[in-house]
Amino acid sequence: MNFEETKAYWNSRADSKGTSVEATTNDVYLRELEIRTLKNWLGKFQDSIHTVVDVGCGNGYSTIELAKQFPSLQFVGLDYAAAMIDAARNLNTEAGVSNTKFDVWDLTAEELPIRPDVVITDRVIINLPTWDAQKQAIDRIGDSLAPGGHYLMIENFEEGQNAFNEVRRAFELDEISVRNHNLFLRKERLADHLDGMFDVKHRENISSMYYLVSRILYSRLCRDNGSTPDYYDEHHRIGSLLPSAGEYGPIELYVLERQSSAKA
């Protein structure tokens, strides 16, 4: 998909899913795993930060869950899909959370409207159709942060995708392809691009154990007994609670710190 087609996809997704946890992914336990990961890292920073921006916040489900956990912090959710922001505002009203704000904003066209202490992206950069657009988005996030500010990047990578598909083939399962509105990152060229702007403080494949359980063990069991996989199955829930181990999933967390020598 090109940029406008991807944007239209997310607006249509918001129209159909509204305030549901499924608005940005049907894989609800993966969403909870990602939220727990973000809560853990924000907890490490909370005494020295004030404002967190969730870029590509979708319908605000994750943003609101984080805001509930950290009432002393201010959360700003931004998304280019206007229907997603409408849903986020509705969900926020339902939740009665006061330390949040949601606005329509396009990462590819505008500078961040705020200078935050922390920026989050959760499977957002992969929705940009070219590596050049992805680089520009990362640069724009870096430019918004003061030296010492942090970027919590949760994104999909080709290497982990290939690794778990190799295991699927070994278990006589079909490969899972990348969706046509996604362009997964590559570790080496990302590392080259981050150099000079960010220090990588932590990198973790947060999806490896989850994918081994949900996309291989559970998928093979479903194939063998002729059942249809269900995202709400207990294998997904339990798999999402396992500790990180290995490199067999596509989704990684990068904890990036803006370098003091980087240009503001």
Side-chain angles (χ1 to χ4, degrees), residues 2-4 6-7 10 34 37-38 41-42 44-46 48-58 60 62-63 66-67 70 73-82 84-85 88 99-157 182-204 251-264:
N2 62 31
F3 179 83
E4 290 302 325
T6 302
K7 184 176 179 179
W10 288 116
E34 292 168 338
T37 300
L38 293 169
W41 282 94
L42 288 177
K44 298 176 188 292
F45 302 146
Q46 65 176 321
S48 60
I49 65 176
H50 179 262
T51 304
V52 179
V53 172
D54 186 0
V55 171
C57 66
S62 297
T63 320
L66 294 172
F70 302 101
L73 303 181
Q74 295 299 309
F75 288 82
V76 179
L78 303 172
D79 203 288
Y80 70 169
M84 283 290 184
I85 292 300
N99 57 323
T100 52
K101 179 182 178 182
F102 294 95
D103 284 314
V104 178
W105 175 80
D106 184 351
L107 176 62
T108 67
E110 305 169 87
E111 301 295 328
L112 262 74
I114 189 171
R115 196 167 179 81
D117 303 302
V118 176
V119 173
I120 293 167
T121 63
D122 189 348
R123 289 178 287 116
V124 171
I125 303 300
I126 61 169
N127 284 284
L128 299 176
T130 67
W131 171 232
D132 284 342
Q134 292 175 335
K135 288 189 294 183
Q136 181 185 37
I138 293 167
D139 290 347
R140 186 154 282 159
I141 289 168
D143 289 341
S144 76
L145 290 166
H150 289 90
Y151 173 18
L152 301 180
M153 171 193 280
I154 294 179
E155 298 289 345
N156 293 59
F157 288 81
N182 288 157
L183 176 65
F184 285 8
L185 298 172
R186 298 176 190 167
K187 290 183 184 180
E188 184 174 352
R189 71 180 184 181
L190 175 65
D192 289 342
H193 187 69
L194 294 176
D195 188 37
M197 177 173 285
F198 290 106
D199 289 323
V200 180
K201 308 302 290 187
H202 181 78
R203 183 195 71 80
E204 181 180 353
I251 302 168
E252 301 209 10
L253 164 74
Y254 277 65
V255 180
L256 306 174
E257 184 178 287
R258 175 71 185 270
Q259 294 178 356
S260 59
S261 59
K263 295 180 180 180

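What you see is a predicted model; the values in this text were computed from it and never measured.
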* Asked: Run the side-chain contact (heavy atoms from CB on, under 4.5 Å) check on E252 and E204 step by step: do they pass?
  -> CA-CA 6 Å; E252 301 209 10; E204 181 180 353; over 6 Å; no
* **Derivation of the side-chain hydrogen bond (donor to acceptor under 3.5 Å, both in side chains) call for T121 and Y151** => CA-CA 8 Å; T121 63; Y151 173 18; 2.8 Å; yes
* Asked: Which atom pair, heavy atoms only, marks the closest approach of I126 to Q134?
  -> CA-NE2, 3.8 Å
* List the steps and the verdict of side-chain contact (heavy atoms from CB on, under 4.5 Å) for L112 and V119. => CA-CA 10 Å; L112 262 74; V119 173; 4.1 Å; yes
* Looking at side-chain heavy atoms only, is the closest gap between Q74 and H50 below 4.5 Å? -> yes
* To do: Check L253, I251, D122, V124 against E155 for a side-chain contact (heavy atoms from CB on, under 4.5 Å) and give me the one that passes.
  => V124
* Identify the two heavy atoms, one from A82 and one from V104, that lie closest to each other, and give their separation to 0.1 Å. => CA-CG2, 3.9 Å
* Is there a donor-acceptor pair closer than 3.5 Å between any side-chain N or O of N99 and the backbone N or O of L73? -> yes
* Structure fact -> For L128 and A137, the nearest pair of non-hydrogen atoms, with its separation, is CD1-CB, 3.5 Å
* Asked: Which atom names give the shortest non-hydrogen contact between L78 and P113, and what distance separates them?
  -> CD1-CD, 3.9 Å
* To do: Check whether any side-chain heavy atom of L185 lies under 4.5 Å from a side-chain heavy atom of W131, and answer yes or no.
  => yes
* Side-chain contact test, heavy atoms from C-beta onward, threshold under 4.5 Å: evaluate it for L145 versus E257 and give yes or no. => no
* Are R140 and E110 close enough for a salt bridge, meaning some N to O gap below 4.0 Å? -> no
* How many angstroms lie between atom CZ of F3 and atom OG1 of T130, to the nearest 0.5 angstrom? -> 10.5 Å
* **Shortest non-hydrogen contact between S144 and I114, atoms and distance** => CB-O, 4.3 Å
* To do: Report yes if the distance between the aromatic ring centroids of H202 and Y254 is under 6.0 Å, otherwise no.
  => no
* Asked: Is the F75 to F102 ring centre distance short of 6.0 Å?
  -> no
* Asked: Can you check whether H150 reaches F45 side chain to side chain, under 4.5 Å on heavy atoms?
  -> yes
* **G149 backbone acceptor or donor facing D117 side chain under 3.5 Å** => no
* To do: Could you pull out the closest heavy-atom pair between A88 and G58, with the gap in Å?
  => CB-O, 4.0 Å
* If you measure only the distance, is there a donor-acceptor pair under 3.5 Å linking the side chains of Q259 and D199? -> yes
* To do: Take L42 and V52 through the side-chain contact (heavy atoms from CB on, under 4.5 Å) test and state the conclusion after the steps.
  => CA-CA 9 Å; L42 288 177; V52 179; 4.1 Å; yes
* Given the rule in the salt bridge (Lys or Arg N to Asp or Glu O under 4.0 Å) test, do K135 and D132 qualify, once you have shown the distances and angles that lead to the verdict? -> CA-CA 5 Å; K135 288 189 294 183; D132 284 342; 3.4 Å; yes
* Could you tell me which residues satisfy side chain to side chain contact (heavy atoms under 4.5 Å, CB included) with D79, sequence neighbours excluded, listed by chain and number? => C57, A81, M84, I85
* **Chi angles and distances behind the side-chain contact (heavy atoms from CB on, under 4.5 Å) call for I49, F70** => CA-CA 11 Å; I49 65 176; F70 302 101; over 6 Å; no
* Spatial distance of atom NE2 (H193) from atom CG (D195) [nearest 0.5 Å] -> 10.5 Å
* Asked: Which value, rounded to the nearest 0.5 Å, describes the distance between I138 atom CD1 and D143 atom CG?
  -> 12.0 Å
* Asked: Would a 4.5 Å heavy-atom cut-off, applied to side chains only, mark I154 and L38 as touching?
  -> yes
* Asked: Distance-only, no hydrogens or angles: does the N127 side chain make a donor-acceptor pair with backbone N or O of R123 under 3.5 Å?
  -> yes
* Heavy-atom distance under 4.5 Å between the side chains of T6 and Y80, does that happen here? -> yes
* **Spatial distance of atom CD1 (I120) from atom OG1 (T37) [nearest 0.5 Å]** => 11.0 Å
* Asked: Going by atom types alone, do N182 and N156 pair a side-chain donor with an acceptor below 3.5 Å?
  -> no
* 4.5 Å side-chain heavy-atom contact, W105 and V53 -> no
* Roughly how far, to the nearest 0.5 Å, is the CZ atom of R258 from the CZ atom of F198? -> 7.0 Å
* So do I125 and L107 actually touch side chain to side chain, heavy atoms under 4.5 Å? -> yes
